[in-house]
Engineer: 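Provided herewith is a single structure, encoded as structure tokens, for subsequent inquiry.
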Amino acid sequence: MPHVRTPAGELYYTLKRGPDHGPKLVLVHGAGGSRLHWPAELRRMPDVTVYTLDLPGHGRSEGDGCKTVAGYAAAVVSFLDAVQIHEAVVAGHSMGGAIAQTLALEHRHRISMLVLIGTGARLRVSPAILQGIASDFEGAVDLITEYAWSSETDAAVKELGRGALRNAGAHVVLGCFLACDRFDVMDRLAGIEVPTLVVNGTADELTPIKYARFLADHIPRARLVTVEGAGHMVMLERPEEVAQAIRGFLTAELPPTS
Ligand code: COA
């Protein structure tokens, strides 16, 4: 699977090719995550070219990670340049959703549509998480895991999340959560001009459903899909429902091909 050299370091991604003139969907994971936080239903979505990226410092990508959402957004722009995507549909989860909003605000011409999953326009982080990462990383991994998944989630799936956090390490994960804590575009959402799908679990404890409603109410061309009973990792907890929501959104927003 490919690596690509960018000013942000060597970045690893997977690619599922779709029709040449079809949409190019870029999946951007959250703090301490990896490309494996996206289920096969999204990574292999039919009729769409899908790029699934490991952010700097995560998964198999190089780098130390970033301490600002703007830094990660710049890395994603470098990635788009390196793989020659002029305009992308960007789907971001949690911190990835903050990155996606930043791209739509600061790099408007590179984005055709947004999918914002389990995220918000402001992402203040619980002091227990921030202090825990610095003082007791293994305890913080447990705490984040407890918040991130709904109570019905299979233990093996939760282990995937733990593994990604441990692999990223305390330094990168702390940088991500500091980046989230500083992120706030609540006053700027009217400037997101592209069609936007907002997806959130109703039982999300890290980015509560209130955050999703705020996004949907303030982004002019947004629509909201809620997933009943799902937690923060909604796309892994309920992959088919999330894939269906994205398919419906793309079909409704894309111009007819013939
Ligand atoms: N969308 C809509 N409303 C939001 C928002 C968003 N993205 N972010 C904050 N708000 C609202 C809050 O609900 C709150 O409203 P209220 O005054 O009516 O209760 C207000 O804005 C201020 O909230 P916040 O900025 O979060 O500050 P706080 O001091 O009240 O709370 C925390 C700080 C960390 C305790 C709180 O943000 C929290 O529990 N966060 C969720 C857990 C977490 O760590 N998430 C990690 C995200 S990556």
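One-based numbering along the sequence shown. For ligands, and for the atoms within them, numbers begin at 1 and follow the listed sequence.
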Engineer: Does the protein put a heavy atom under 4.0 Å from atom 41 (C) of ligand 1?
Structural biologist: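 Yes, there is a protein heavy atom closer to it than 4.0 Å.
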
Engineer: Give a yes or no on whether the backbone of Pro56 and the side-chain of His58 come within a donor-acceptor separation of less than 3.5 Å.
Structural biologist: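 Side chain of His58 to backbone of Pro56: a pair is present.
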
Engineer: Under the 4.0 Å line, does any protein heavy atom show up next to atom 21 (O) of ligand 1?
Structural biologist: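 Protein heavy atoms within 4.0 Å of atom 21 (O) of ligand 1 - there are none.
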
Engineer: Do me a favour and list the nearest non-hydrogen protein atom to atom 14 (C) of ligand 1 with residue, atom name and distance?
Structural biologist: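 Atom 14 (C) of ligand 1 sits closest to the protein heavy atom Lys210 NZ, 4.0 Å.
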
Engineer: Are any of the heavy atoms in Arg213 under 4.0 Å away from ligand 1?
Structural biologist: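 Arg213: no contact with ligand 1 (<4.0 Å).
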
Engineer: How far is atom 45 (N) of ligand 1 from its nearest protein heavy atom, and which residue and atom name does that atom have?
Structural biologist: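 Answer, as residue, atom name and distance: Leu206 O, 3.1 Å.
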
Engineer: Yes or no on side chain to side chain contact (heavy atoms under 4.5 Å, CB included) for Ile219 and Leu116, after CA distance, side-chain angles and deciding distance?
Structural biologist: CA-CA 11 Å; Ile219 296 174; Leu116 303 178; 3.9 Å; yes

Engineer: Would Ser126 count as being in polar contact with ligand 1, using the rule that some N or O on each side must be under 3.5 angstrom apart?
Structural biologist: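 Yes; the residue has a nitrogen or oxygen that sits under 3.5 Å from a nitrogen or oxygen of the ligand.
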
Engineer: Quiz question for you: does at least one protein heavy atom lie closer than 4.0 Å to atom 16 (P) of ligand 1?
Structural biologist: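 Yes, at least one protein heavy atom sits under 4.0 Å from atom 16 (P) of ligand 1.
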
Engineer: Anything under 30° is parallel, anything over 60° is perpendicular, the rest tilted; go ahead and classify Tyr13 against Phe79.
Structural biologist: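 If you compare the ring of Tyr13 with that of Phe79, the planes turn out perpendicular.
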
Engineer: Return the residue, atom name and 0.1 Å-rounded distance of the protein heavy atom closest to atom 10 (N) of ligand 1.
Structural biologist: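 The closest heavy atom on the protein side is Tyr211 CE1, 4.1 Å.
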
Engineer: Measure from atom 5 (C) of ligand 1 to the protein's non-hydrogen atoms and state whether any distance is below 4.0 Å.
Structural biologist: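 Given the 4.0 Å limit, the answer for atom 5 (C) of ligand 1 is yes, a protein heavy atom qualifies.
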
Engineer: Would a search of protein heavy atoms around atom 34 (C) of ligand 1 find one under 4.0 Å away?
Structural biologist: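 Given the 4.0 Å limit, the answer for atom 34 (C) of ligand 1 is yes, a protein heavy atom qualifies.
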
Engineer: For atom 23 (O) of ligand 1, which protein heavy atom lies nearest, and how many Å away is it?
Structural biologist: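 Going by distance alone, atom 23 (O) of ligand 1 is nearest to Arg122 NE, 4.6 Å.
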
Engineer: Answer whether the closest heavy-atom distance between the side chains of Gln101 and Leu215 falls below 4.5 Å.
Structural biologist: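 Heavy-atom side-chain distance check passes, below 4.5 Å.
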
Engineer: State whether any protein heavy atom lies less than 4.0 Å from atom 25 (O) of ligand 1.
Structural biologist: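 It does; a protein heavy atom is within 4.0 Å.
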
Engineer: To the nearest 0.1 Å, how far is atom 27 (O) of ligand 1 from its closest protein heavy atom, and which atom is that?
Structural biologist: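 Scanning the protein heavy atoms, the shortest distance from atom 27 (O) of ligand 1 goes to Arg124 NH1, 3.6 Å.
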
Engineer: Closer than 4.0 angstrom, basic N to acidic O: yes or no for Asp217 and Lys210?
Structural biologist: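 Looking at Lys210 together with Asp217, the answer is no, because their closest N to O distance does not fall below 4.0 Å.
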
Engineer: Which ligand 1 atoms does Ala121 reach within 4.0 Å, using its non-hydrogen atoms?
Structural biologist: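 Under 4.0 Å from Ala121, ligand 1 has these atoms: 7 (N).
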
Engineer: Using a 3.5 Å distance criterion without hydrogens, assess whether the side chain of Asp204 forms a donor-acceptor pair with backbone atoms of Gly118.
Structural biologist: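 Flag not set: sc Asp204 to bb Gly118 has no pair under 3.5 Å.
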
Engineer: Does any N or O atom in Gly120 lie less than 3.5 angstrom from one in ligand 1, N or O only?
Structural biologist: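 Such a contact does not occur with ligand 1.
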
Engineer: May I have the list of side-chain donor-acceptor pairs in residues 123-132 shorter than 3.5 Å, sequence neighbours left out?
Structural biologist:
from   : atom 1 : to     : atom 2 : distance (Å)
Arg124 : NE     : Asp181 : OD1    : 3.4
Ser126 : OG     : Ala128 : N      : 3.2

Engineer: Go through the structure and list residues passing salt bridge (charged side-chain N to carboxylate O under 4.0 Å, His left out) with Arg166, not counting sequence neighbours.
Structural biologist: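 Scan of Arg166 (salt bridge (charged side-chain N to carboxylate O under 4.0 Å, His left out), adjacent residues dropped) gives Glu138, Glu159.
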
Engineer: Got the closest protein heavy atom to atom 3 (N) of ligand 1, with its distance?
Structural biologist: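 Here the closest protein heavy atom is Met186 CE, 3.6 Å.
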
Engineer: Can you measure from NE2 (His29) to CH2 (Trp38) and round to the nearest 0.5 angstrom?
Structural biologist: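 Answer for the NE2-CH2 pair, His29 versus Trp38, is 9.5 Å.
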
Engineer: Before accepting this row, confirm whether a basic side-chain N of the pair Glu152/Arg238 lies closer than 4.0 Å to the acidic partner's carboxylate O.
Structural biologist: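 Salt bridge: no.
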
